[in-house]
Amino acid sequence: MKKILLVDGNSLLFRAYYASAYAGPVLKTTTGIPTNAIFSFANMLTSLISDRNYYDVKVAFDKSKKTFRHDKLENYKAGRSATPEDLIPQFQIVREFLDSSNISWWEKENYEADDLIGTMSKIIENNFSEFEVEILTSDKDMFQLISDKTKILLPKTGTSNLELFGEAELLEKWEVAPKNVVDLKGLMGDPSDNLKGVEGVGEKTAIKLLKEFQTIEGIYENIDSISGKLQEKLINGKDSAILCKEIATINCEVEIENLVFEPINLNLNGLINFLEKYEMNSLVKRLSTRVGNINGKDEQINKEEIKFNQLKKWNNEFSCETNFLYIESIDENYHKGQILGLAICNEKGFFYLNDIINDLELEQFFLNDNFKKNTYDIKKTVTLLRNNNIKFSFSSFTYDAMIASYVLNPNVTSRIQNLANIVETELFVEEDELFYGKGVKQNKEIDTASKAKFIVGKLELLYSTHKPIINLLKENNQFNLYEKIELPLVEVLFNMEQKGILIDKVELDKQTARTLFLIEELEEKMKVILKDQISENFNFGSPKQIKELLFDQIGLPSNKKQSTDKEALEKIIHLHPVINLLLEHRKLNKLYSTYLRGFEKFIFDDNKVHTIFNQTLTNTGRLSSSEPNIQNISVKDELQREARKIFISNNDTKFFSFDYSQIELRVLAQLGQEDTLLNIFKNDRDVHAEAARKIFKLEENEEITSDQRRIAKVFNFGIIYGLSDFGLSNDLKISIPEAKRFIDDYYLSFPKLMTYKNSLINQATVNGYAETYANRRRIVNELASSNFMVKNFGNRIAVNMPIQGTAADILKVAMNNIHKEFRENNLKSFMTAQIHDEIIFEIFESEESLAVKIVEECMQNAFIDLSKIVQKEEQPIEVKLEVNKSKGNNWFELK
DNA sequence: TTGAGATGCAA
DNA sequence: TATTGCATCTCAA
């Protein structure tokens with residue numbers, strides 16, 4: 001059966017608006033026209049059409065402010081909040097979108113979209129037996145239109161999650177037939193339309209009544225058989241109920257002229273013109289793929305085809321002073337990546353090489369500093385070259401689009417429409433999946449011609465966005481961050497990844513076996529204790545099974561969520577002997593599966609792990625590490641800490657770790673110009689102890705207990721993270737008012753902090769982004785939210801990001817400078833890891849004194865050096881950065 | 001096979 | 001109802 005989609009345009013546009021407002025900031029063209037709702041609307045509609053294979057689609061809109069419903073009810077829809085200002089112009093533009101893409105839309109004076117859709121669905125039901133109807137709306141009133149041929153598509157969360165309602169689903173949800181939806185509505189009312197219904201009758205009562213009497217009329221005919229308060233309420237609300245029912249009833253008798261049904265035929269070029277006009281370039285490619293599907297033909301985008309030369313071997317006659325190049329490789333871990341092709345463009349044209357192995361002329365190109373190379377992801381690119389034995393000059397790579405895009409906008413999921421995002425998500429992430437497929441369906445064996453076209457297409461984008469991106473960086477005052485901090489760091493990280501970390505396989509095997517034995521022993525013990533309660537194949541790693549065992553079978557008390565995490569289990573540890581063993585089991589399992597046995601798959605042939613330092617991932621500017629993550633190796637628990645013994649230094653070096661002491665609090669003191677805090681650091685005092693002194697109002701010579709210090713430490717961190725009194729009371733196991741009092745005392749002790757926090761929130765709200773000292777920005781969409789929780793989250797981001805991010809900026813400067821100094825002093829010692837506030841090196845004994853001196857100086861001076869890089873010297877850096885050092889043959893011995 | 005949720009590790 | 005990350009496991013779609 002052919003399906004026809006009827007869309008409630010107003011409802012969908014509202015939905016699109018709020019969904020996109022949550023997902024990203026308000027999307028605008030360069031001339032300031034808001035387009036976020038359209039973007040979402042177009043996305044939803046085209047993906048729906050393409051996914052669900054409709055024969056035809058019609059969109060209906062409300063027309064004019066007054067409908068017959070207003071005549072019936074003076075305050076119809078009066079309670080509704082005003083349409084957001086930036087949504088209003090989009091009602092017109094969405095019609096333009098439909099026109100340009102050849103989707104028919106309808107509106108009629110004095111009617112709402114409901115009525116048009118209702119009428120159309122009835123027309124189809126009565127006259128076109130070959131069609132069935134699906135109605136896209138978030139208006140539950142429309143449920144009255146459900147029939148054996150008509151269903152409702154209701155958006156659930158976001159925009160892509162839809163639920164299909166037919167008769168059966170409706171019956172299950174509301175226990176009424178479609179024709180009684182209006183009765184239900186009459187009784188319940190609808191606050192969004194200012195319909196009161198019968199006061200005191202809600203969904204439950206209404207359903208009960210209708211199950212007995214079917215309709216409102218039926219209820220009042222039998223009003224005598226209803227007793228007590230309910231009868232009274234119904235009698236009082238009779239007029240309202242009948243009126244509300246009438247208003248909720250969709251008019252299916254509207255006159256609609258020229259209604260014909262014909263196969264969808266989207267106008268691709270019209271659509272592209274529209275999208276380009278409103279600067280939604282990123283949609284062009286995605287939509288055109290879908291539209292191709294819909295129209296059942298492989299239409300070409302109306303763009304000039306890029307002409308390129310496919311070469312067998314490179315010839316340096318084609319090389320220029322400035323070149324753009326892109327090496328294609330889609331393996332997730334580039335250390336094991338395969339090169340699928342290479343495209344180069346410059347003043348002499350576009351070139352494509354399918355195979356670059358043993359191309360000596362190409363190697364000369366890569367080695368020559370006079371041939372500058374601009375690319376996307378330099379670190380990955382040169383890693384691929386290196387692993388294919390192609391020599392290169394690192395310094396000839398002069399532009400990295402990935403890094404530049406990240407500096408412009410670290411929040412890739414944001415729907416902000418700028419070049420950074422286009423480069424990031426559209427071309428280099430989503431497009432790969434479309435082209436090669438993903439997961440098991442991924443296929444690298446694509447015919448060379450279309451692969452070449454695809455790769456050259458990427459290169460073209462890389463090339464065409466280069467200048468605008470550089471201009472944007474300069475415009476945003478972020479060029480120094482890009483050029484002086486992030487770009488030089490690429491080489492530092494590349495070297496770290498290449499050096500890797502040596503693994504002691506003997507130690508690893510020893511610990512793996514030992515831990516596995518302990519786990520099995522524990523399981524036996526637990527099975528004995530629980531022999532009557534669990535079956536042979538009980539899984540101790542399954543939260544679901546643990547939950548059933550502890551709370552249902554044994555009957556231990558639990559919190560509302562029935563969480564079985566460590567915190568919850570510790571609360572009931574004394575109530576059953578198995579809990580303690582279970583916690584121990586969890587700990588050992590984690591150790592075994594993540595840090596011991598789990599590590600084996602990351603060890604390369606050289607007995608080393610080569611992590612990937614992600615430079616463009618976090619929202620704050622920190623690095624992250626993966627495969628393996630070497631930034632979360634256990635340290636707190638003595639037993640788990642043993643795992644650190646597997647990281648060993650090379651024969652002729654020792655590990656040195658240098659970590660900043662409380663760098664985030666120092667950043668906070670400096671940026672917030674908090675004198676009390678600054679003085680604590682200036683006098684080399686213990687910041688947690690001093691905070692305790694303040695909160696607990698201790699005298700100068702009074703002793704600080706370890707408990708007081710512990711509590712103060714929680715505070716100091718809480719300030720950075722935006723802790724609430726609730727969270728604090730939970731954490732410290734004190735009452736909420738008590739926590740609140742402590743917080744007040746804390747802010748009184750450090751008076752500038754509140755001012756600073758407020759200024760950060762204010763700044764982020766005004767600008768739409770939070771920023772670090774180095775002008776790194778993070779767009780904070782959450783601040784625009786009307787949802788209290790989301791907005792509060794935005795507040796915490798606005799405070800935390802500048803602090804955490806500035807600390808990250810400082811680390812990056814330190815790393816760059818150390819790398820440079822090591823090189824200038826011809827040191828063989830090298831950096832191996834960065835763990836947010838700590839840098840780990842392998843240092844040769846003969847170089848120890850010089851290397852340590854360089855590291856300490858670079859780290860201590862990094863904030864000041866940063867201030868020079870971003871030209872903020874006029875405000876001197878007062879805070880002193882303290883660095884602690886430790887030395888060892890393995891990571892266990894560090895710290 | 002894939003994705004979400006729970007859990008736990010780090011700064 | 002505390003920030004930023006990543007890996008592993010289970011379980012259901």
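All chains are named by letter (A, B, ...) in the order of the sequence lines, taking the proteins before the strands, and each is independently numbered beginning at 1.
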Engineer: May I ask you to say what Lys601(A) touches in the nucleic acid, namely base, sugar-phosphate or nothing, with a heavy-atom cut-off under 4.0 Å?
Structural biologist: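 Counting heavy atoms under 4.0 Å across all strands, the contact made by Lys601(A) is with sugar-phosphate only.
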Engineer: Please check if the side chain of Ser649(A) supplies one atom and the backbone of Glu842(A) the other of a donor-acceptor pair under 3.5 Å.
Structural biologist: no
Engineer: What's the NE2-P distance between His585(A) and dG8(B), to the nearest Å?
Structural biologist: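 After rounding, the gap between these two atoms is 13 Å.
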Engineer: Reckon Lys561(A) touches a base, only the sugar-phosphate, or nothing at all at heavy-atom distances under 4.0 Å?
Structural biologist: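 Since no nucleic acid heavy atom lies under 4.0 Å of Lys561(A), the category is nothing.
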Engineer: According to side chain to side chain contact (heavy atoms under 4.5 Å, CB included), who are the partners of Ala568(A), at least two apart in sequence or on a separate chain?
Structural biologist: Asn559(A), Ser563(A), Asp565(A)
Engineer: Please list, by residue number, the residues of residues 623-647 of chain A whose heavy atoms come closer than 4.0 Å to an atom of DNA chain B; answer none if no residue qualifies.
Structural biologist: Gln631(A), Asn632(A), Ile633(A), Ser634(A), Val635(A), Lys636(A), Gln640(A)
Engineer: What does Met789(A) touch in the nucleic acid at a heavy-atom separation under 4.0 angstrom: a base, only the sugar-phosphate, or nothing?
Structural biologist: sugar-phosphate
Engineer: Under 4.0 Å between any heavy atoms, over every strand shown, what does Arg796(A) touch: base, sugar-phosphate, or nothing? Just pick one.
Structural biologist: sugar-phosphate
Engineer: I need the CG-C1' distance between Leu569(A) and dT7(B), as an integer number of Å.
Structural biologist: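 Result: 11 Å.
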Engineer: Touch check for Tyr660(A), heavy atoms < 4.0 angstrom, all strands: base, sugar-phosphate only, or nothing?
Structural biologist: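 The residue Tyr660(A) makes no contact with any strand.
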Engineer: As a test of understanding, state which of Leu550(A), Val578(A), Leu569(A) forms a side chain to side chain contact (heavy atoms under 4.5 Å, CB included) with Leu556(A).
Structural biologist: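 So the option named by the test is Leu550(A).
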Engineer: Could you verify whether a donor N or O on one side chain and an acceptor N or O on the other, from Arg586(A) and Thr564(A), lie under 3.5 Å apart?
Structural biologist: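 A donor-acceptor contact under 3.5 Å links the two side chains.
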Engineer: Given dT7(B), dT2(B), dA11(B), which nucleotide is nearest the side-chain atoms of Val440(A)?
Structural biologist: dT2(B)
Engineer: Nearest-Å distance, CG (Asp565(A)) to P (dG8(B))?
Structural biologist: 6 Å
Engineer: Hey, would you say the Tyr746(A) and Phe750(A) ring centroids sit under 6.0 Å apart?
Structural biologist: yes
Engineer: Measure CD1/Ile840(A) against P/dA11(B) and give the value in whole Å, please.
Structural biologist: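 One finds 10 Å between P of dA11(B) and CD1 of Ile840(A), rounded.
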Engineer: I'd like the 5' and 3' limits of the part of DNA chain C contacted by chain A, with heavy-atom contacts below 4.0 Å.
Structural biologist: dT1(C) to dA12(C)
Engineer: Does the side chain of Thr594(A) reach to within under 4.5 Å of the side chain of Asn632(A), using non-hydrogen atoms?
Structural biologist: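 Not touching, per the 4.5 Å side-chain cut-off.
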Engineer: Would you tell me if any nitrogen or oxygen in the side chain of Arg586(A) comes within less than 4.0 Å of OP1 or OP2 on dG8(B)?
Structural biologist: yes
Engineer: Would you say the base of dG8(B) and the side-chain of Lys566(A) have a donor-acceptor pair closer than 3.5 Å?
Structural biologist: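 In this structure, the two groups form no donor-acceptor pair.
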Engineer: Measure CG/Leu591(A) against C1'/dC9(B) and give the value in whole Å, please.
Structural biologist: 11 Å
Engineer: Would the distance check show the side chain of Thr832(A) and the main-chain N or O of Ile501(A) forming a donor-acceptor pair, the cut-off being under 3.5 Å?
Structural biologist: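 Not confirmed, Thr832(A) side chain does not pair with Ile501(A) backbone.
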Engineer: When we call it a touch if two heavy atoms are under 4.0 Å apart, what does Gly718(A) touch: a base, just sugar-phosphate, or nothing?
Structural biologist: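 Base contact.
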Engineer: Could you tell me whether the side chain of Glu882(A) and the main chain of Ser661(A) form a donor-acceptor pair under 3.5 Å?
Structural biologist: no
Engineer: Which label fits Phe540(A) and Phe538(A): parallel for a plane angle under 30°, tilted from 30 to 60°, or perpendicular past 60°?
Structural biologist: perpendicular
Engineer: Starting from C1' on dA10(B), measure out to CZ on Phe717(A) and report it in whole angstrom.
Structural biologist: 12 Å
Engineer: To the nearest angstrom, how far is Phe613(A) atom CZ from dA11(B) atom P?
Structural biologist: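 That distance rounds to 14 Å.
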Engineer: With a non-hydrogen cut-off below 4.0 angstrom, is Lys895(A) in contact with a base, only sugar-phosphate, or nothing?
Structural biologist: sugar-phosphate
Engineer: Say we look at dG5(B) and dT1(C): how far apart would their P atoms be, to the nearest angstrom?
Structural biologist: 16 Å
Engineer: Just checking Lys544(A): base, sugar-phosphate only, or nothing, at a heavy-atom cut-off of under 4.0 Å?
Structural biologist: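 It contacts sugar-phosphate atoms only.
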Engineer: For Glu507(A) and Gln511(A), which I'm curious about, is there any donor-acceptor pair between the side chains at under 3.5 Å?
Structural biologist: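 Their side chains do contain a donor-acceptor pair, which is all the 3.5 Å distance test asks for.
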Engineer: For the pair made of CG in Asn559(A) and C1' in dA6(B), what is the distance, rounded to whole Å?
Structural biologist: 13 Å
Engineer: Report which part of the nucleic acid Ile720(A) touches: base, sugar-phosphate, or nothing (heavy-atom distance under 4.0 Å, all strands).
Structural biologist: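 If one applies the 4.0 Å heavy-atom cut-off, Ile720(A) turns out to touch nothing in the nucleic acid.
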Engineer: Base, sugar-phosphate or nothing for Asp659(A)? Non-hydrogen atoms, less than 4.0 Å.
Structural biologist: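 Nothing: the residue Asp659(A), judged by heavy atoms under 4.0 Å, touches no strand.
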Engineer: Determine whether Met496(A) and Phe613(A) make a side-chain contact, defined as any pair of heavy atoms from C-beta on separated by less than 4.5 Å.
Structural biologist: yes
